[in-house]
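Each ligand, and each atom within it, is numbered from 1 in the order the structure gives.
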Amino acid sequence: MATCWLNGKFLPEDQAHVSIFDRGLLFGDGVYEVAAVFNGKLLDADLHLARLEKSLAAICIPNPQPTSAWLEIMQSLAEQNGIAEGLVYLQVTSGAAERDFAFPANVTPTAFAFARKKSLTNDPNAKGIVLHAVQDIRWARRDIKSVAMLAQVLAKQEAKAAGAFEAIMHDRGVVTEGGSSNLWIVQNGTAVTRPLSHSILAGITRDVTLELAAMGVPVMERAFTLDDVRAADEAFMTSATNFILPAIRLDDAAIGNGAPGPITMRLRDAYFVRAHAKTT
Ligand code: PLP
């Protein structure tokens with residue numbers, strides 16, 4: 001039985017229970033983070049925990065653990081569950097209280113975390129993924145990593161039913177982001193991704209990719225359209241537990257020559273080199 005962590009205790013997952021009055025369940029009043037585990041070590045968990053602070057502050061939940069404690073909990077979960085490659089998920093909700101929309105007084109946040117194995121090195125998706133276009137029907141504060149994700153559940157289900165790996169969410173043809181990733185295109189050697197705003201999540205992998213691109217790939221942060229994706233030389237997605245994955249098709253349209261692009265794969269390779277350097 002896998003070990004998880006709930007409100008200060010490590011325990012078997014089948015003994016971890018939360019109240020039916022938890023506001024995370026009743027209202028989606030909570031935020032979360034997912035960090036990769038690589039070579040048995042957390043990757044960029046400090047950056048994920050900094051974003052957790054911002055998400056919590058935005059919805060007025062006090063952080064129940066200092067960053068150093070979160071780091072210990074997350075690393076310990078990876079170790080207790082024997083994870084060499086995978087992820088740690090953590091969630092903080094505003095806690096259990098009588099059902100009322102406005103913030104309750106004196107409520108203790110609920111916090112939990114668990115770990116899962118996931119192969120990052122031998123990922124068949126590195127051969128190229130398919131994107132499926134879905135209208136972005138989410139709220140206006142997508143920068144908050146909220147657990148209220150019904151729009152993404154529907155988008156990713158629609159993508160899956162269409163035989164695609166990821167939803168490419170758009171607002172009247174202008175791409176926002178992936179169902180659970182940031183999206184990029186390559187046009188004439190320049191990597192293009194949407195600038196940060198309330199319209200997208202500030203992806204940690206997006207940030208790291210910008211840092212890696214500084215080694216010699218020109219970058220432009222600007223919005224792009226579905227037509228731009230169809231006409232691009234390359235496209236790729238970034239997320240903490242997929243790293244950098246080439247996109248080779250948007251629905252029926254091949255992207256570039258329909259194979260992973262060279263700039264994408266250079267960045268993906270650089271991502272692995274950095275990940276190894278940070279975890280060994
Ligand atoms: N955008 C959305 C909507 C996401 O859900 C995610 C990750 O889950 C990302 C972007 C990528 O963020 P990160 O690179 O921090 O995993």
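Looking from atom 1 (N) of ligand 1 to the surrounding protein, the closest heavy atom is Glu177 OE1, 2.7 Å. Atom 8 (O) of ligand 1 has as its closest protein heavy atom Lys145 NZ, 3.0 Å. The single protein non-hydrogen atom nearest to atom 13 (P) of ligand 1 is Ile204 N, 3.6 Å, given as residue, atom name and distance. Summary of contacts: the protein heavy atom closest to atom 12 (O) of ligand 1 is Gly203 CA, 3.4 Å. Closest to atom 11 (C) of ligand 1, if we only count protein heavy atoms, is Asn182 OD1, 3.7 Å. Of all protein heavy atoms, the one lying nearest to atom 5 (O) of ligand 1 is Ser180 CA, 3.4 Å. Here the protein heavy atom with the shortest distance to atom 14 (O) of ligand 1 is Thr205 OG1, 2.6 Å.
Here Leu201 has side-chain heavy atoms under 4.0 Å from ligand 1, and that is the only part of it that gets that close. Under 4.0 Å from ligand 1, not a single heavy atom of Arg142 appears.
Across all non-hydrogen atoms, the minimal contact from Ala45 to Met74 is CB-CE, 4.2 Å. Residue Arg268 comes nearest to Asn242 through the heavy atom pair NH1-O, 3.8 Å, listed as atom of the first residue, atom of the second, then distance.
Side-chain atoms of Thr176 and Asp136 form a donor-acceptor pair, as typed in the model, at a separation below 3.5 Å. Residues Ser94 and Asp29 have side chains that bring a donor and an acceptor to within less than 3.5 angstrom of each other. Side-chain atoms of Ser180 and Gln152 form no donor-acceptor pair, as typed in the model, at a separation below 3.5 Å. A donor-acceptor contact under 3.5 angstrom links the side chains of Glu53 and Asn63, judged on distance only.
Residue contacts with ligand 1 include Arg51, since one or more of its heavy atoms lies under 4.0 Å from the ligand. Taking a 4.0 Å cut-off on heavy atoms, His48 registers as neighbouring ligand 1. Residue contacts with ligand 1: Ala202 is excluded, as none of its non-hydrogen atoms falls under 4.0 Å.
Applying the side chain to side chain donor-acceptor pair (under 3.5 Å) test between Trp184 and each of Thr264, Thr209, Thr238 identifies Thr238 as the sole match.
Using a 4.5 Å heavy-atom threshold, the side chains of Met169 and Arg138 count as touching.
Heavy-atom contacts of Gly179 reach the following atoms of ligand 1: 3 (C) (cutoff under 4.0 Å). Interface atoms of ligand 1 facing Ser239, defined by a heavy-atom separation under 4.0 Å, are 14 (O), 16 (O).
Residues satisfying the side-chain hydrogen bond (donor to acceptor under 3.5 Å, both in side chains) criterion with Tyr32, sequence neighbours excluded, are Lys145.
Looking at Ala240 next to ligand 1, an N or O pair under 3.5 Å apart turns up.
Here Phe38 and Phe243 bring their ring centres to under 6.0 angstrom of each other.
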